[in-house]
Amino acid sequence: MRAAIVVFPGINRERDMAIALERATGHKPRLVWHKETALDGIDLVVLPGGFSHGDYLRCGAMAAQAPIMAAIRTHAERGGHVMGVCNGFQILTEAGLLPGALLRNASLRFLSQDCHLRVERADTAFACHYQSGQVFRAPMAHGDGNYFADDDTLDRLEGEGLVAFRYATPEGTIDRAANLNGSARNIAGIYASNLRVLGLMPHPEDLVDPLMGGTDGKPLFDGLTQALAAA
Amino acid sequence: MAKKINQALAREFGLSADEYQRVLDIMGRTPSLTELGVFSVMWSEHCSYKSSRVWLKTLPTKAPWVIHGPGENAGVVDIGDGMAAVFKMESHNHPSFIEPYQGAATGVGGILRDVFTMGARPVANLNALRFGDPSLPRTKRVVDGVVRGIGGYGNCVGVPTVGGEINFHPSYNGNPLVNAMTVGVLDKTRIFLSAAAGIGNPVVYVGSKTGRDGIHGATMASAEFAADSGEKRPTVQVGDPFVEKLLIEACLELMATDAIVAIQDMGAAGLTSSSVEMAGKGGVGIQLDLDAVPQRETDMTAYEMMLSESQERMLMVLRPDRQDLARAIFDKWDLDFAVIGHITDTGRIVVTHKGITEADIPLDPLAEQAPLYHRPTVETPKPASLGPVADPVGIVPALLKLIGCPDLCSRAWVTNQYDSTVGGQTVKRPGAADAAVVKLDGFNRALAITTDCTPRYVAADPEMGGMQAVAETWRNLTAVGARPLAITDNMNFGNPEKPEIMGQFAAAIRGMSKACIALDYPVVSGNVSLYNETEGKGILPTPAIGGLGVLDDAHDAIGIGLKPGMGLVLIGTIRGHLGQSLWLREIAGQEAGAPPPVDLAAERSIGDFVRGRILAGAVQACHDISDGGLLVAIAEMAMAGNTSVSLEAAPGEIAPHAWWFGEDQGCYIVSVLDPSAFIVEATVADLPTRLIGHTQASGTGGAGLKFKDGATISMQDLRAEHDRFFPEWMN
Amino acid sequence: MKLVVTVMLKAGVLDPQGKAIGQALTGLGFEGVGEVRVGKRIELELAETDPVAAEAAGAEMARKLLANMVIESFKVEVA
Amino acid sequence: MKLVVTVMLKAGVLDPQGKAIGQALTGLGFEGVGEVRVGKRIELELAETDPVAAEAAGAEMARKLLANMVIESFKVEVA
Ligand SMILES: Nc1ncnc2c1ncn2[C@@H]1O[C@H](COP(=O)(O)OP(=O)(O)O)[C@@H](O)[C@H]1O
Ligand SMILES: [Mg+2]
């Protein structure tokens with residue numbers, strides 16, 4: 001799998017993401033500057049976490065207008081895989097590559113703590129090393145992760161099985177207490193219709209090494225590596 | 001409009017009559033407004049250390065592993081593998097009182113710049129915070145703003161905030177302390193310094209544009225607050241963490257080339273102090289043309305530009321043939337880049353604006369004749385030692401109250417607002433261990449970092465308190481298995497013109513020095529913040545210490561969380577010292593007695609032994625005894641590991657409350673699989689130990705804490721008390 | 001020419017900030033505070049001197065960047 | 001009665017958001033964009049029916065909570 005990480009000004013988890021991808025694939029991902037315009041020969045494009053353009057105005061809004069976005073759009077239209085984590089998820093929604101928007105956390109505070117995610121379906125390149133219904137732990141670190149979409153959109157996402165992960169208790173219960181940022185229907189991550197574009201708020205890339213507290217995020221990267229090996 | 005330059009104006013600028021006379025002597029004429037401004041900020045307490053310098057000079061600053069001690073933007077120590085750690089702590093107390101969010105945010109920004117200006121990538125932030133009485137609405141607003149500000153800045157720049165400390169005391173009601181610390185790492189052969197060189201070399205300004213921000217911030221940080229401090233509000237600066245992030249990346253990118261001759265952040269007193277210090281250190285002169293300075297506002301005067309404290313700016317001296325390369329890098333990152341002058345051989349700083357020479361000052365006298373005061377000192381009288389104090393409530397209620405009190409309760413509400421994992425190298429997050437542990441990307445090696453100070457000890461006995469603060473950081477680094485290397489300090493005190501305050505300062509330095517020498521643990525950087533008083537009332541003297549240590553292998557680091565199936569051993573001697581303890585304050589309602597004495601020889605031998613056992617893999621968890629004493633430490637270990645503990649009885653010769661809550665120094669609790677073996681080895685080394693309990697058997701649930709006499713506290717009750725304060729207070 | 005673009009959350013989109021402000025005001029003793037909504041006011045200095053063209057440019061800026069049409073609506077005025 | 005409180009950074013105070021937006025608009029090809037300042041627009045539903053009293057209440061709210069008087073200024077209007 002050949003992976004690229006897009007670097008927007010103000011992004012700060014590109015290193016974390018590169019470490020996780022290198023662990024899984026055995027080689028360093030390509031870092032692509034936001035002013036570049038081509039993504040040739042890439043299987044997976046990752047938009048990492050951080051504060052692109054300071055998250056001023058709205059999180060991800062300015063990055064969504066970057067020159068590289070046209071290439072990302074083309075890559076997605078061709079059926080290429082795209083993953084946006086945290087700020088990357090916000091950028092994908094701002095760019096219209098994923099539906100909905102990420103509002104300020106309901107508590108109006110930045111949340112930096114571990115959360116638990118329930119895998120809603122495992123038959124995707126991203127989740128194939130998890131079981132459907134499995135719960136895994138991931139650090140979250142965001143001020144604007146409160147997923148919002150209108151009811152029709154939410155119904156469609158659920159109806160088409162496009163919810164990727166939900167905030168859950170460690171036992172897998174989907175309830176209000178587990179929904180730290182107030183997201184609609186506990187949604188932590190969603191897919192585009194072709195299941196090849198994923199956006200999620202928490203950071204599986206920060207939990208791929210026992211030394212840093214666990215390996216709960218590792219199956220995501222191992223799964224991607226295996227699923228896209230043939231690509 | 002033009003102000004008349006005279007002694008009255010000099011006084012407004014914070015210069016005494018003597019100091020102004022010295023300016024006149026150096027200049028041989030009446031200075032211009034800009035010149036007077038330069039003298040006043042360079043000779044302010046904040047920049048000149050005029051009251052503290054004589055004492056700071058006595059601190060031990062050398063060790064074989066120290067690469068740069070005090071005098072540079074930050075201290076640098078060798079950490080092995082060809083790498084060095086760069087670190088410093090700095091205060092932003094006054095700005096944080098005026099505008100808590102921006103004050104704290106720009107404090108973080110400022111200390112980050114001191115570290116990356118040396119070529120290091122910042123890898124960790126910490127903060128030492130002191131607030132007033134929590135029952136005051138103002139305290140709540142300040143805490144909320146400061147915590148948001150630290151998070152708002154640190155999270156955005158992508159440097160993990162991994163540790164720190166928070167205390168409450170009414171003495172900080174009108175004067176909170178916000179001390180921020182940054183640690184960076186670099187290749188030890190690629191350290192950048194600030195001494196300018198190369199006659200004719202361009203002086204380059206990069207970063208944000210200059211506005212009328214914080215003019216006279218440095219002198220504000222050097223003056224006591226009066227009731228009308230609202231008047232000084234326009235000096236507040238707004239931080240732009242996004243630009244800071246770009247500046248970090250752009251500077252590090254440029255530092256990978258050979259373009260930079262010297263570099264210095266524009267901190268307090270902005271363009272003035274950075275240009276004066278760079279030229280002064282290099283023994284050269286500097287010519288600045290202010291027309292070239294990127295400006296955010298119109299019609300700025302030379303005086304305003306020289307004194308502005310606009311954030312996120314740096315000054316560099318470049319090799320002339322690398323100017324274009326440097327410009328291209330800053331263009332890429334959308335940052336201003338302007339050649340604003342050049343290095344000269346005149347030994348003077350010459351500032352021109354719109355064709356007029358606005359300042360022309362000889363640099364040597366500006367530095368050498370800077371005021372230096374041997375202020376009178378009065379020793380703090382030794383406190384009477386505390387007689388026996390009866391236990392009014394019993395052990396269990398006292399524990400529940402203590403672990404819920406503002407000084408000991410869970411800090412999760414605070415730390416959950418700080419991104420502690422960004423960078424992917426955080427081995428021990430806040431609350432997991434006595435020190436934060438951050439791995440070096442690409443190496444097995446890790447840094448351990450902590451901040452500590454117990455101001456109530458320092459107030460009661462400044463020398464012992466200074467010693468204790470240093471020893472506690474050393475102990476906390478040891479408790480994770482790290483080899484302590486060096487400290488940074490932030491001396492927060494009251495008005496130095498009062499002999500009692502200067503006496504506290506001198507004694508604290510004395511105590512710190514003794515500890516540094518005994519522990520081979522020198523001071524490599526620091527900061528002094530004086531005049532922390534409101535209407536004549538001083539804060540508790542607070543020499544905050546930031547300690548740094550190294551682990552050759554991050555895998556060796558341990559935390560405080562207990563696991564089942566272990567024995568708990570106390571190493572060190574508990575005599576039941578209740579003087580100045582939290583138990584005494586929270587349970588008996590007294591702030592009295594002498595602080596617990598520190599025995600530096602015992603500290604060293606016990607610490608070295610504990611570290612040795614940790615590195616040998618014999619210790620599962622370790623926690624030092626500090627605020628709240630033995631039982632609080634055990635409760636914290638139990639909660640952190642979600643593992644119950646059965647306790648042995650207190651020894652008969654010490655009153656139970658003194659045993660459980662005394663704050664004796666130099667003690668650790670270790671969790672070990674084989675307590676007898678540990679005790680034997682300690683005994684062979686002639687160190688005092690005592691078995692104090694066992695964790696629940698593997699696979700069984702437990703009662704939380706279970707005492708020998710059958711009393712228990714459930715884990716839920718412990719947690720409920722521990723977790724309550726901040727969320728209830730803030731919501 | 002100065003332009004003011006006002007961006008507000010659409011009705012139906014929960015505004016936690018507005019809610020929190022409403023609660024805080026009530027907590028401070030202000031009576032009769034009903035719904036509170038928080039939006040942005042963006043003031044732009046434009047070289048354009050024709051108000052109609054300026055307004056059109058403002059609307060274009062809002063659609064492209066200043067507002068997220070999924071959750072927000074906007075208004076452009078020449079100041 | 002509906003009240004609108006507008007809160008803007010005081011003149012001279014750095015507005016990082018406004019600066020970034022200005023740069024982004026220029027990057028998107030909008031020409032002649034000068035200074036951009038971003039503030040808050042807070043719309044409040046009040047039980048009060050007297051405009052003068054409502055305005056006074058709004059100013060009080062702004063001073064106490066809605067604006068940070070150290071760096072911001074505000075304006076109250078009855079909508
Ligand atoms: N209390 C102290 N202990 C040790 N070093 C100190 C202390 N206070 C200041 N220093 C050193 O003095 C120098 C100047 O510090 P400072 O004025 O804070 O720098 P900056 O201009 O970057 O703000 C630095 O090298 C700093 O480490
Ligand atoms: Mg500096």
Side-chain angles (χ1 to χ4, degrees), chain A residues 6-12 14 32-38 47-74 84 86-88 90-97 101-110 142-144 146 148, chain D residues 2-48 54 57-77 79:
Chain A
V6 184
V7 181
F8 301 93
I11 279 295
N12 61 33
E14 73 277 17
V32 176
W33 184 236
H34 71 126
K35 286 189 179 156
E36 291 182 38
T37 51
L47 292 77
F51 288 71
S52 58
H53 299 276
D55 273 356
Y56 298 144
L57 185 62
R58 285 185 318 280
C59 302
M62 296 186 220
Q65 307 288 343
I68 192 65
M69 290 310 294
I72 294 176
R73 232 177 268 279
T74 308
C86 198
N87 201 214
Q90 294 161 340
I91 296 168
L92 291 176
T93 59
E94 281 284 344
L97 283 159
L102 292 139
L103 306 178
R104 185 74 59 85
N105 292 342
S107 64
L108 300 178
R109 290 190 187 278
F110 192 90
H142 59 248
D144 301 73
N146 180 350
F148 170 86
Chain D
K2 193 163 150 186
L3 215 59
V4 177
V5 180
T6 311
V7 179
M8 301 294 293
L9 284 169
K10 286 183 182 162
V13 175
L14 175 71
D15 180 357
Q17 287 216 64
K19 200 178 98 193
I21 293 170
Q23 281 177 357
L25 288 172
T26 304
L28 282 173
F30 289 100
E31 272 162 40
V33 179
E35 203 187 8
V36 181
R37 308 277 294 171
V38 183
K40 278 192 278 263
R41 177 186 167 93
I42 304 159
E43 301 181 353
L44 305 116
E45 219 37 87
L46 289 193
E48 181 62 62
E60 177 80 3
M61 291 174 190
R63 264 189 299 268
K64 278 208 172 151
L65 181 75
L66 306 178
N68 176 350
M69 300 303 293
V70 180
I71 48 176
E72 293 172 330
S73 58
F74 67 88
K75 203 174 70 193
V76 183
E77 288 155 299

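All values derive from a computational prediction rather than experimental measurement. Numbers restart at 1 for each chain; the letters A, B, ... are given by sequence-line order, proteins then strands.
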Is there any N or O donor on one of chain D and chain A with an acceptor on the other under 3.5 Å, and could you list each such pair with its distance?
unit_1: Gln17(D); atom_1: OE1; unit_2: Leu57(A); atom_2: N; d: 2.6

Next item on the list: Please state whether the side chain, the backbone, both or neither of Ile21(D) comes within less than 4.5 Å of a heavy atom of chain A.
Entry: both

Next item on the list: Provide the closest heavy-atom pair for Ala24(D) versus Met62(A) in the form atom of the first, atom of the second, distance.
Entry: CB-SD, 3.6 Å

